[in-house]
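Below you'll find the structure, written out as structure tokens, and then a few comments.
The structure displayed is predicted, hence computed values, not measured ones. All residue numbers in this chain count up from 1 along the given sequence. Order of listing sets the numbers, starting from 1, for every ligand and every atom in it.
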Amino acid sequence: MDHFEYRDGVLYAEDVNLVDLAETVGTPFYCYSTATLRHHYGVLHNACAKAGLNDTLICYSVKANSNIGVIATLARLGAGADIVSLGELQRAMAAGIVPEKIVFSGVGKTDDEMAAGLEAGIRQFNVESLAELDQLAAVANRLGKTAQVALRVNPDVDAGTHEKISTGKAENKFGIAWEDAEAAYAHAAGLAGLEPCAIDIHIGSQITDLGPFRTAFEKTADLLARLRAKDLTITRLDLGGGLGVPYQRNNETPPDPLAYARLIAENFADSGCQIILEPGRLIAANAGILVTRVIRTKQGQAKNFMIVDAAMTELVRPTLYGAHHDIGLVRQRDEKLLAWDVVGPVCESGDFLGLARELPELDPGALLAVFSAGAYGAVLGSSYNTRPAAPEVLVDGATHDVVRRRPSYADMLAGEKIPDWLNSQDGQ
Ligand SMILES: *Cc1c(COP(=O)(O)O)cnc(C)c1O
């Protein structure tokens with residue numbers, strides 16, 4: 001469910017007319033809907049309550065869409081944050097998420113990142129190896145702090161998702177091998193400065209079937225029992241993110257959050273543990289669109305190209321993951337449809353937003369909306385071809401605010417310089 005809909009043939013974000021917004025902000029731009037963000041958070045939150053999970057913490061996975069306006073919107077609803085870098089820690093705190101609701105994931109945390117998390121007093125570190133345990137213990141001892149620790153264990157399940165977003169198989173770089181889990185907890189328990197109190201799993205992203213979750217949860221319940229049998233005090237279970245969303249708005253039905261919550265309850269309602277969830281895509285994907293203008297069309301010998309002012313630099317998912325995003329007109333028209341490859345201006349053959357899309361022939365300046373672009377969209381942008389980052393606009397009802405402005409070219413060049421030796425007199 002989202003709040004992008006047509007009224008009299010024009011696409012609106014909530015009560016904001018996107019033709020008007022494009023005029024004000026310029027294209028390309030991202031547009032996010034507050035009502036949709038709230039709705040998605042609420043659906044998951046209510047599903048947990050309804051399933052009888054009475055101690056849950058939803059830590060929004062900031063990497064999906066880390067605009068501080070988006071994070072702040074979720075923070076006001078009570079969300080925590082799942083972060084993977086020092087930068088994301090700063091974003092989460094700038095957006096008003098209290099440290100007690102921040103969990104720090106990621107396979108490559110540095111000493112500085114660990115220290116910053118400890119100084120801030122974050123809820124827990126999700127640790128992925130024995131070496132990382134040792135390192136975190138050393139940093140904690142140096143600072144005179146205790147780190148609350150979850151071990152990210154790898155349940156070796158195939159999430160049935162794209163290879164680049166699958167994380168829970170034995171061959172992936174993430175987590176501690178299932179067979180090594182008990183020994184890793186014993187190791188952690190023996191280190192001063194660490195308090196191993198949680199189990200963490202995250203098996204992948206855009207998972208569209210509950211089966212892999214079921215397998216992973218059952219294995220986790222078994223591990224919990226084994227750890228408790230060894231007198232380890234486990235009080236939290238972090239079950240990661242990964243719940244899929246519909247990218248084809250009319251013909252996809254990903255798992256129902258209530259069924260997901262009930263599956264969690266089935267396995268863990270009696271565990272006495274707090275349940276931490278780390279949804280990213282579920283919250284943000286369908287809360288955002290990318291609006292772009294047609295530059296011109298080009299009918300090639302084999303194909304028709306619709307060249308637009310957004311590119312892989314704004315939305316890389318189509319070319320990186322082979323991802324499908326619905327593409328629609330911002331102002332609907334009733335004309336003969338042709339198949340178009342919707343491509344950007346970037347000098348790469350892989351620069352496309354959609355292939356063989358049924359659209360009318362459009363005049364330069366016509367507006368298109370690329371749907372379901374709120375997660376892993378703007379955050380994966382680049383400035384390749386010296387393209388300024390697309391602005392991000394957050395809508396709430398009839399109002400909007402530009403929550404990230406488009407940088408000027410001067411902004412873009414500001415960090416660069418011509419080396420001193422080329423400027424010196426004798427540098428010829
Ligand atoms: C990326 C990530 C998430 C969020 O995944 P979604 O598929 O967006 O829900 C959660 N936890 C960890 C550890 C991640 O790396």
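- Legend: residues meeting ring-ring contact (aromatic ring centres under 6.0 Å, His included) with Tyr41, ordered by chain and number and at least two apart, are His45.
- For the residue pair Asp326 / Gln248, no side-chain donor-acceptor distance below 3.5 Å is found, with atom types taken as modelled.
- Aromatic rings of Tyr260 and Phe213 (six-membered ring for Trp) have centroids within the 6.0 Å cut-off, being under it.
- The salt bridge (charged side-chain N to carboxylate O under 4.0 Å, His left out) search around Arg262 returns none, not counting sequence neighbours.
- The side-chain contact (heavy atoms from CB on, under 4.5 Å) check on Ala138 picks up nothing, with sequence neighbours excluded.
- There is a side-chain donor-acceptor pair under 3.5 Å between Ser33 and Glu14.
- At a heavy-atom cutoff of 4.0 Å, ligand 1 is surrounded by Ser61, Lys63, Asp82, Ser105, Arg152, His202, Ser205, Gly241, Gly242, Glu278, Pro279, Gly280, Arg281, Tyr376.
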